[in-house]
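Once you've had a glance at the structure underneath, I'll fire off some questions.
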Amino acid sequence: MSEPGALRTRLNGLFREVAKFGAVGAVGVLVDLGVFNLVRHFTDLPVVRASVIATVVAIVFNYIGFRYFTYRDRDKSSRTKEMSLFLVFSLIGLVIQNGLLFMATYGFGWDSPLQSNFFKFFGIGIATLFRFWSYRTWVFRTLPAKEAVQAAESFLEQPPRQATRRQPDRV
């Protein structure tokens with residue numbers, strides 16, 4: 001495959017991955033914000049505690065979506081390692097996301113429902129950039145054989161060469 005063709009194929013693959021990640025993530029954001037507002041409305045929990053509960057619910061939802069939709073073609077050989085890494089990177093994302101909400105709420109006193117939702121949403125956006133990078137790099141790794149299979153398939157797609165036979169010498 002030519003270099004421009006290979007680049008186009010890689011960019012198309014990245015675009016599809018980002019679109020699938022975004023679809024699962026968008027529903028995850030709705031789950032996160034919905035649970036957050038339900039917990040805030042029906043309980044007296046502090047804002048950040050309600051946000052942490054909502055984030056944990058969204059993390060569980062997102063794992064299922066990422067494993068069985070976005071990254072279903074990725075290596076499934078070590079689920080324990082995959083889930084452990086997912087949990088570690090998700091917890092780092094939780095700290096990023098809820099750290100911003102914590103600073104806005106307790107550092108600046110911005111704790112109205114509108115302000116809380118804004119900073120929760122903003123925190124989700126910042127944490128999502130980290131999560132996308134970490135999930136695709138460390139958690140849902142590509143199968144090592146996939147590149148070899150693609151190279152073999154591209155080799156098979158090439159037209160066969162005309163073999164030239166050497167005629168035996170006649171005596």
Side-chain angles (χ1 to χ4, degrees), residues 1-37 51-104 114 116-163:
M1 188 179 289
S2 67
E3 278 197 38
L7 178 62
R8 186 176 19 251
T9 301
R10 287 188 64 164
L11 288 175
N12 285 339
L14 181 62
F15 177 76
R16 281 192 302 279
E17 181 182 347
V18 169
K20 288 179 175 183
F21 186 92
V24 171
V27 176
V29 167
L30 294 177
V31 168
D32 197 339
L33 292 173
V35 171
F36 173 67
N37 284 294
S51 179
V52 168
I53 291 168
T55 304
V56 169
V57 171
I59 286 170
V60 171
F61 172 84
N62 285 344
Y63 177 77
I64 294 166
F66 292 144
R67 167 43 50 216
Y68 297 104
F69 178 66
T70 305
Y71 297 113
R72 70 176 172 238
D73 61 332
R74 301 288 175 97
D75 186 10
K76 298 176 182 103
S77 63
S78 180
R79 285 288 169 97
T80 304
K81 181 181 175 186
E82 175 185 288
M83 290 178 93
S84 299
L85 287 171
F86 184 85
L87 182 62
V88 166
F89 290 119
S90 293
L91 290 176
I92 293 169
L94 181 143
V95 169
I96 293 169
Q97 174 180 331
N98 291 294
L100 289 168
L101 181 62
F102 180 87
M103 285 190 328
L114 179 63
S116 294
N117 277 291
F118 173 79
F119 284 103
K120 176 141 182 77
F121 187 76
F122 182 69
I124 289 170
I126 299 298
T128 295
L129 296 173
F130 168 77
R131 287 177 179 134
F132 177 73
W133 170 80
S134 63
Y135 293 165
R136 79 182 307 263
T137 304
W138 300 102
V139 180
F140 302 107
R141 299 186 59 128
T142 57
L143 292 170
K146 188 174 185 178
E147 292 171 1
V149 170
Q150 287 175 342
E153 287 174 346
S154 68
F155 175 76
L156 293 173
E157 291 173 359
Q158 294 176 0
R161 291 186 194 173
Q162 294 295 326

For this session: Would you confirm whether Arg136, through its side chain, and Phe140, through its main-chain N or O, come within 3.5 Å as a donor-acceptor pair?
Result: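 No, the answer is negative, given that no donor and acceptor are paired below the 3.5 Å cut-off.
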For this session: Given side chain to side chain contact (heavy atoms under 4.5 Å, CB included), test Phe36 with Ser116 step by step and report yes or no.
Result: CA-CA 10 Å; Phe36 173 67; Ser116 294; 4.1 Å; yes
Exercise. Listed by chain and number, what are the side chain to side chain contact (heavy atoms under 4.5 Å, CB included) partners of Phe89, not counting sequence neighbours?
Worked result: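 Partners of Phe89 by the side chain to side chain contact (heavy atoms under 4.5 Å, CB included) criterion, ordered by chain and then number, come out as Leu85, Ile92, Phe130, Ser134, Tyr135, Trp138, Val139.
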Exercise. Can you tell me how far CG of Asn117 sits from CG of Asn37, rounded to the nearest 0.5 angstrom?
Worked result: 4.0 Å
Exercise. How many angstroms lie between CG in Leu87 and CE in Met83, if you round to the nearest 0.5 Å?
Worked result: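 The distance works out to 8.5 Å.
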Problem set entry | Pairing residues for Phe21 by the ring pair (Phe, Tyr, Trp, His ring centres under 6.0 Å) criterion, not counting sequence neighbours |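 Checked Phe21 against ring pair (Phe, Tyr, Trp, His ring centres under 6.0 Å); matches are Phe66, Phe132.
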Problem set entry | Student check: side-chain heavy atoms of Val24 and Lys20 closer than 4.5 Å | no
Exercise. Are the side chains of Leu100 and Lys120 in touch, meaning some heavy atoms are under 4.5 Å apart?
Worked result: no
Exercise. Does CZ belonging to Phe121 count more than 12 external heavy atoms closer than 6.0 Å?
Worked result: no
Problem set entry | Under the side chain to side chain contact (heavy atoms under 4.5 Å, CB included) test, residues paired with Tyr68 that sit two or more places apart |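 Applying side chain to side chain contact (heavy atoms under 4.5 Å, CB included) to Tyr68 gives Ile64, Arg79.
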For this session: Would you mind checking if Arg74 and Glu82 are paired as a salt bridge, meaning a charged N to carboxylate O distance below 4.0 Å?
Result: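 No, this pair does not count.
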Exercise. Which value, rounded to the nearest 0.5 Å, describes the distance between Thr55 atom OG1 and Ile96 atom CD1?
Worked result: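 It comes to 12.0 Å.
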For this session: Can you measure from CZ (Arg16) to CG (Leu11) and round to the nearest 0.5 angstrom?
Result: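 Those atoms lie 11.0 Å apart.
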Problem set entry | Sidechain-backbone polar pair: Asp32 side chain, Gly28 backbone, donor-acceptor under 3.5 Å |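 Pair absent, no side-chain N/O of Asp32 close to backbone of Gly28.
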